[in-house]
Amino acid sequence: MPWFEKKPKFSSLPGAVRPSNVPEGLYEKCPDCYSMIYRKEFEENLHVCPKCHYHARVSARERIVMLVDPGTFQEDNSHLSPVDKLQFEAKKKYSKQIEEGRKKTGQLDAIVSGIGKIHGKTASLAIMDFTFLGGSMGSVVGEKVTRAMERALAERIPVITVTATGGARMMESILSLMQMAKTSALCAELDRAGIPFISVLSDPSTAGVMASFAALGDVIIAEPRCLVGFAGRRVIEQTVREHLPKGFQTAEFVQEHGFVDIVCERRELRGVLARLLNHLWYASPKRKSDGNGRSRAGSERSSKKTQAVEQAVAQ
Amino acid sequence: MAISYYEFEKPVQQAQDKLDKALAKDRQDEKHLREIQKLETELEQARHEIYGNLTPFQRVLIARKPERPHAQDYIKALTTEFQEIHGDRGYADDKAVLCGFAQFRGVSCVVIGQCKGREVKENLKYNFGMMHPEGYRKALRTMKLADKFGLPVLVFIDTPGAYPGVQAEERGQFEAIARNIREMFTFTVPVLCSVIGEGASGGAIGIGVGNVVLMLENAWYSVISPEGCASILWRDAQFAPQAAEALKLTAQDLLELKIVEEIVPEPLGGAHYDPDTAYANLGDAMQRQLTQLLKLSPDELREQRFAKYRAVGEWEENLAEQTKG
């Protein structure tokens, strides 16, 4: 790349340029192009930089507001809370990190789940939050994804996950690794029952989460330029001493190689999801001929649950 | 192959050297024999002292010894009529994983094994036990044949991780692993996995969803290697011994956490000291478990596997701290 095309790594404007009478928090800096954006404009633009189209990370709660019809989201399993089973201690104790994550986010772990409507179409939702311990998947995240899928099976509604994660949570070691198996087991159950699963990848979606349920959506959608991959960039560079191609592990790169269906701007996401929910499920002739809720699921547990739900609905 | 020693094994090495030197002398007198006896006792003592109380990281090191029996050795020792098959029918043949059909103690099976080498040439051939996406796809293809023809699947896990390279990413490493995990839950034949050396993260679970998982005494199994964990959480790979401690990655830890069903004992100091005993121990444990699994119906096998993994995880149902959604 010629020098004159090089993008400055840091803003060339000295910090003092910002007028000192501007109240704190009125402007936000785009994490990618470093331009100052009027906060309200940034929020109205769904945290996408109006100048460079960078899709900034959003919390699970913000994501729900962006995706779900107002007033339709009903959270479930919000009482699931992580425990430090292994008494894990590195530079910090895991139990302390959980505490800090809680204070920082007001969440018990890196995920929010529940049901909600998108353009009037009901889906079971599991939405990850990168701000809590890097969106890592430990027992609670794994369990809530699993329960979201079980709820989809029981109520015969599609399931949507939105991932924002660095992978499995180291501090729960093997228990985290096994969440990959647990969540993927439910994906096999969804397959058997013919329930749609849409996986939405946001920045970043990598490692253990990407190598399990996030890669198993019937349709996989990614936000522009978000990081999608298995191994970390640094790990690849260090262990293999290979030159990493431009745009490596971006959504567009992964789509180019055939592992993502749709790269979709954040403002379009809701519409795309609604359309898919319709095609795969709500307008599908198979679902209609299916007696509207008769279980084809093989597992007895889910069919029992379905019956219970049907009875509840009938009453 | 000559036995290699780590720093912590120095006393064993010294005792062994002394004994070897004495044995090399061409003497038959009583004094010499007494000397040899004494040196043998000293070696035994040193081995008991060093190997009787291994730290987690010392076990990790033993699990990585190049002379340790590898998957291909176990397959050779424990099966007959082995017929290897190659390729993923899509891209290439990944030699880091050995796939084929074999007889295991009178039962026709499919075997899958992650291979490691003993010297440079072998290591390059097997890519140090690190599979590419085509390796996972080859394993899946082979396991699907097992499911089709009603053959039990025997898996030997020994990998420092799935290969972290540019081409591996381009060909969808995450997709290959994810798909394997999901598909292994659909099988209606017994899947019996044995962690024989290193069980590193996604690279291991990508072929490791079993009805029963066995683990060798000195093998390790974790979400990340101790070095990887140390370089992230301590920002220095030198803290690997502490990380190994924290990760709870030994066979004993995993048995207590109910991730593995059984620990297979190794000869004192590691399987490489007496491979034949190691083969026999693992073979007997596998036979015992397989006999039990073969009593289950196809549906029961699938359901048992699902139930085992569905139950994994530790959390609190903390109603008091429920967040308001």
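Residue numbers start from 1 in every chain, and the chains themselves are labelled A, B, ... in the order their sequence lines are given, proteins ahead of strands.
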Val166(B) side chain reached by Leu244(A) side chain, heavy atoms, under 4.5 Å: yes
Phe185(B) to Ala188(A) - nearest heavy-atom pair and separation: CB-CB, 4.1 Å
Check: Tyr94(A) and Leu233(B) side chains under 4.5 Å, non-hydrogen atoms: no
Intermediate values then yes/no, side-chain contact (heavy atoms from CB on, under 4.5 Å), Leu177(A) and Ser222(B): CA-CA 7 Å; Leu177(A) 187 71; Ser222(B) 157; over 6 Å; no
Heavy-atom closest contact (Val223(B) atom, Ser173(A) atom, distance): CB-O, 3.4 Å
Short N-O contact, Arg310(B) and Glu150(A), less than 4.0 angstrom: yes
Heavy-atom proximity to chain B below 4.5 Å, by part of Asp191(A): side chain
Glu314(B) versus chain A, the contacting section by heavy-atom distance below 4.5 Å: both
Which atoms of Lys91(A) approach chain B - backbone, side chain, both or neither, heavy atom under 4.5 Å: both
Thr186(B), part contacting chain A, at a heavy-atom distance under 4.5 Å: side chain
Positions in residues 213-221 of chain A that reach chain B, provided some heavy atom is under 4.5 Å away: Ala215(A), Leu216(A)
Side-chain donor/acceptor of Glu169(B) to backbone N/O of Ala231(A), under 3.5 Å: yes
Pick from Tyr163(B), Tyr221(B), Phe239(B) with the largest number of heavy-atom pairs that fall under 4.5 Å of chain A: Tyr221(B)
Phe88(A) vs Leu247(B), side-chain contact (heavy atoms from CB on, under 4.5 Å): CA-CA, chis, key distance, verdict: CA-CA 7 Å; Phe88(A) 192 97; Leu247(B) 284 167; 3.9 Å; yes
CZ (Arg179(B)) with more than 12 external heavy atoms under 6.0 Å: no
Closest non-hydrogen atom pair, Glu89(A) against Ala246(B): O-CB, 3.9 Å
Heavy-atom closest contact (Ser184(A) atom, Ile181(B) atom, distance): CB-CG2, 3.5 Å
Sorted by number, residues from residues 247-262 of chain A in contact with chain B (heavy atoms, under 4.5 Å): Phe248(A), Gln249(A), Phe253(A), Val254(A), His257(A), Phe259(A)
Gln179(A) and Val312(B): CA distance, side-chain angles, deciding distance, side-chain contact (heavy atoms from CB on, under 4.5 Å) verdict: CA-CA 7 Å; Gln179(A) 303 309 311; Val312(B) 181; 4.2 Å; yes
Part of residues 252-264 of chain B lying next to chain A, heavy-atom separation under 4.5 Å: Leu254(B), Leu257(B), Ile259(B)
Arg147(A) and Glu317(B) ion-paired at < 4.0 Å: yes
Chain A contact via Ile224(B) - which portion, at a heavy-atom distance below 4.5 Å: side chain
Separation of Trp315(B) CH2 from Glu172(A) CD (nearest 0.5 Å): 10.5 Å
Can you give the donor-acceptor pairs under 3.5 Å from side chains of residues 207-217 of chain B to other protein atoms, not counting sequence neighbours?
residue: Asn211(B); atom: OD1; partner: Val191(B); partner atom: N; Å: 2.9
residue: Asn211(B); atom: OD1; partner: Arg305(B); partner atom: NE; Å: 3.1
residue: Asn211(B); atom: OD1; partner: Arg305(B); partner atom: NH2; Å: 3.1
residue: Asn211(B); atom: ND2; partner: Leu301(B); partner atom: O; Å: 2.9
residue: Asn211(B); atom: ND2; partner: Gln304(B); partner atom: OE1; Å: 2.6
residue: Glu217(B); atom: OE1; partner: Glu266(B); partner atom: N; Å: 2.8

Minimum heavy-atom distance between Trp234(B) and Ala90(A), given as atom pair plus value: CZ2-CA, 3.3 Å
Nearest heavy-atom neighbours spanning Ser212(A) and Ala178(B): O-CB, 3.3 Å
When Glu237(A), Met178(A), Glu143(A), Met171(A) are compared by non-hydrogen pairs under 4.5 Å with chain B, the top option: Glu143(A)
Side chain, backbone, both or neither of Ile232(B) within contact of chain A (heavy atoms, under 4.5 Å): side chain
Rounded distance (nearest 0.5 Å) linking atom OH of Tyr309(B) with atom CG of Leu186(A): 15.0 Å
Among the listed options Ala168(A), Gly229(A), Pro82(A), Gly232(A), the residue most often paired with chain B at heavy-atom distances under 4.5 Å: Gly229(A)
Main-chain N/O of Leu86(A) paired to Lys248(B) side chain as donor or acceptor, under 3.5 Å: yes
